[in-house]
Peer 1: 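To start, I am sharing the structure in question, which I have written as structure tokens.
Here is how names work: the chains are called A, B, and so on, in the same order as the sequence lines, proteins then strands, and each is numbered from 1. Bear in mind that the values here come from a model prediction, so they are computed numbers and not experimental data.
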Amino acid sequence: MFEAILLTVMTAATPLVIAALGELVTERSGVLNLGVEGMMIMGAVCAFATAHMTGSPYLGILAGIGGGALFSLLFGFLTLTLVANQVATGLALTILGLGVSGQLGESFVGLAGTKLQPIVFPVLSDIPFIGRVLFAQDLIFYLSIVLIIGVNWFLFKSRTGLKMRAIGDNHGSAHALGINVVRTRYLAVLFGGACAGLAGAQLSLVYTPQWVENMSAGRGWIALALVVFASWRPWRILAGGYLFGAVTIGQLHAQAFGVGIPSQFLSALPYAATIVVLVIISHNRRTTLINTPASLGKPFVPDR
Amino acid sequence: MSSSQDQGEPSLLSVRRLTKLFGSFAACDGIDLDIAPGEIHALLGENGAGKSTLVKMLFGVLQPSAGQILWQGQPVSIASPAQARELGVGMVFQHFSLFEALTVGENIALSLDPKISLSKISDEVASLSRAYGLPLDPKAHVADLSVGERQRIEIVRALLQNPKLIILDEPTSVLTPQEAERLFETLFKLKAEGRSVLYISHRLDEVRQICDRATVLRHGKVTGTCDPRQETPASLARMMVGSDVAAVHREELGATGETLLEVSGMSVAARTPFAVSLKDVSMTVRAGEVLAIAGVAGNGQGELFDALSGEYPVPDDNSVKIRGKAVGRTRINGRRLLGAGFVPEERHGHAAVAQMSLSDNLLLARAHSDRKAFLSSGFAKVIRHGAVKAAAARICQAMDVRKSGEDPAAGSLSGGNLQKFIVGRELDRQPSVLVVNQPTWGVDAGAASRIRQALIDLANSGSAVVVISQDLDEIFEVATSIAVISEGRLSKAYPAGELSLERIGLLMGGIHDSTRNASQAEEAAHAH
């Protein structure tokens, strides 16, 4: 019973973790992309359609990543090349994504999906209790863990990651040091889009292997909240993602068992938790200075 | 040193007829400059004299319009800062381009070859900074460091590239006298190693203390090259300004007028973790008195100003009295109505809105205290633009504010002219109590002397003036009495004539007011 609940929590948490991780990288470079929900749903529809037509969920994953990345490129072009307002563009991207995905997916509604099968590690999965939970999962779960480790290493150990953090902190100084601000931000935005797309693919290939319009159901917004909740640190994304995932699942179980907590209250919990975290971190100016990308959302126009 | 120089010792860097045009305006106009190996060379000039433009050309940030740069006798063109570093030129900027969220080591790594590992850079930073007497922890976050420590990062960053010439842009403007002494020792060490230093400053005493030669700029032209040790501050100033700087006149009135501003036992808790709490601050300022409050930045000056002005009222109503009336809990407009005036430190964003015109800025500050003049009566309170514009013009006239156009945006004025305007905006009301914070910060010598004279004139006309300043020259020029703030504590006020520079330095360093400590401090000062 407990193992079953844990497995559903993990399935619910994985898309949150992946999408938030992508947005974390984007925001660390100083770009605020509020279009996570739109990129996620585009990933979901591209993944489902491709998997349905080819029969291969793995091609579906690639299509999901590609769909999200391509969609984020639109955001990048508008905000980085044309220096449009990031908040407005991000909101537009979400609305556009929800509409376009509905259109693209119209003929796929109600069709049977292709579920991504778990990859079972022979010996490890026999370890009592944790074996089934950790070593009999699908590829996207494993990817989420690899991504956390990789992003953490990239941001805090690699020189390119250092440059990216420098840009997020002060793009003017970074530009003066000869770092290519716009190119680095394009890469960060693309990575964010690819991750959101992958998270979308998880929704339509693992979580509920079918296409339903608006199936991202606000997860993109939770992912955005999660980035702040994690105060821009990758490992905290993992913790926060599982916490928020547990809340989502808890909400379903509470309803099933007739617990008297209104479900609306539980679905609001991630956002309430994020507000609490925001209050706590902004109270301590030092942690804010060190973790919050100071040039987040600010347009960058190099001096002539 | 300078005489052997003249006999043709090869220069490390020579500049011939260097010119930089912005449109038709020549920021640098045919400049000649020679820097010998192992000399500390001063570049003197007022704001806008062309010092920064010249230095930017030497460091490859700007390209000259005409003229030549010779490096060790060879003509070179310096296309970028990277190329300048390759030649052996290091630069310490006035405004540090540091990343607050990153550590010291990471900041330095960003400007170095990416192939060098971070741990190696950290080791080098630690050892190099120790060797030059500029201790730095490579793992510390820049956000946690003081301005002086941030400057060390810039210096160490420049030194890591083993430069032959180091350019420092106004390095001591952010340091305490003691920190400055330490910097000078580092500079002498560099000189002893045969490196050259180009030292940009407008502090004449410093230049006379440490520089071997000085080149003076005015309006983009060289007005003289000299050995600063052979010159007097007055003769150097003459070269900088062109005519004698109007010496500020102060009559010794011996302030015996009535007490206009009284602060007693005022304690204010810090509003944020990074603010300073004020501890038992007391002061009395009489009519005709200029009380200057000295201290190193970040010792509670801003908090003291906030408490005096009522921007943040204090809990105890009786702890601040203006003209005998308790105003501790009164906000700024209430205090202004009692005849007080306040000029905060930040010109842009605090004292003035850069995008708005001068008259709008005037109205913002005085809409309440001068509402009869500037606003129509009745419910609508329509703005009388004519009256406001006339008042703005009157202030510009009185303070000699140089501007382009009738009523330009505040941000289009130079720092000095905007500062004259915002000080003039208060003086125009003839306040009986005036509190100013850093009145001449980053202002050229001409404007500074104008502002200081205006402050003294106001006191002489029977007002009480409080000047919070980090500039000791300024303090000695204007003050009739001096108090020192350190870690939120204010020393007692001493008559200006009784305090020596060393004594103030010690007070600034936190040796507080008790008689015993003060006398010890005096002994320590005399022992040197």
Peer 1: Side-chain contact, heavy-atom cut-off 4.5 Å: A:P234 with A:F156?
Peer 2: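 Heavy-atom side-chain distance check passes, below 4.5 Å.
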
Peer 1: Which region of B:A82, side chain (C-beta onward) or backbone (N, CA, C, O), has a non-hydrogen atom less than 4.5 Å from a non-hydrogen atom of chain A, or is it both or neither?
Peer 2: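 No part of B:A82 comes within 4.5 Å of chain A.
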
Peer 1: Aromatic rings B:F59 and B:F93: how do their planes relate, parallel, tilted or perpendicular, breaks at 30° and 60°?
Peer 2: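 Aromatic pair B:F59/B:F93 classed perpendicular.
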
Peer 1: Going through the checks in order, is the side chain to side chain donor-acceptor pair (under 3.5 Å) test met by A:T79 and A:Q86?
Peer 2: CA-CA 6 Å; A:T79 58; A:Q86 292 178 11; 5.1 Å; no

Peer 1: Find the one option among B:S80, B:P81, B:S111, B:A101 whose heavy-atom pairs under 4.5 Å with chain A are most numerous.
Peer 2: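 Highest number of heavy-atom pairs under 4.5 Å: B:A101.
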
Peer 1: Just checking, B:R271 and B:Y312: is the charged tip under 6.0 Å from the six-membered ring centre and within 45° of the axis?
Peer 2: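 B:R271 over B:Y312 ring: yes.
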
Peer 1: Considering all heavy atoms of both residues, which atom of B:M57 and which atom of B:I69 are nearest to each other, and what is their separation?
Peer 2: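 Of all heavy-atom pairs spanning B:M57 and B:I69, the closest is O-CD1, 4.0 Å.
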
Peer 1: Is B:P114 in contact with chain A via its backbone, its side chain, both, or neither, using a 4.5 Å heavy-atom distance?
Peer 2: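 Answer is both: backbone and side chain atoms of B:P114 are under 4.5 Å from chain A.
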
Peer 1: Under 4.5 Å, counting heavy-atom pairs only, tell me which of A:G178, A:A174, A:A294 racks up the most with chain B.
Peer 2: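 Max contact count across the listed options: A:A174.
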
Peer 1: With a 4.5 angstrom heavy-atom cut-off, is it the side chain or the backbone of B:S117 that approaches chain A, or both, or neither?
Peer 2: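 The answer is the backbone of B:S117.
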
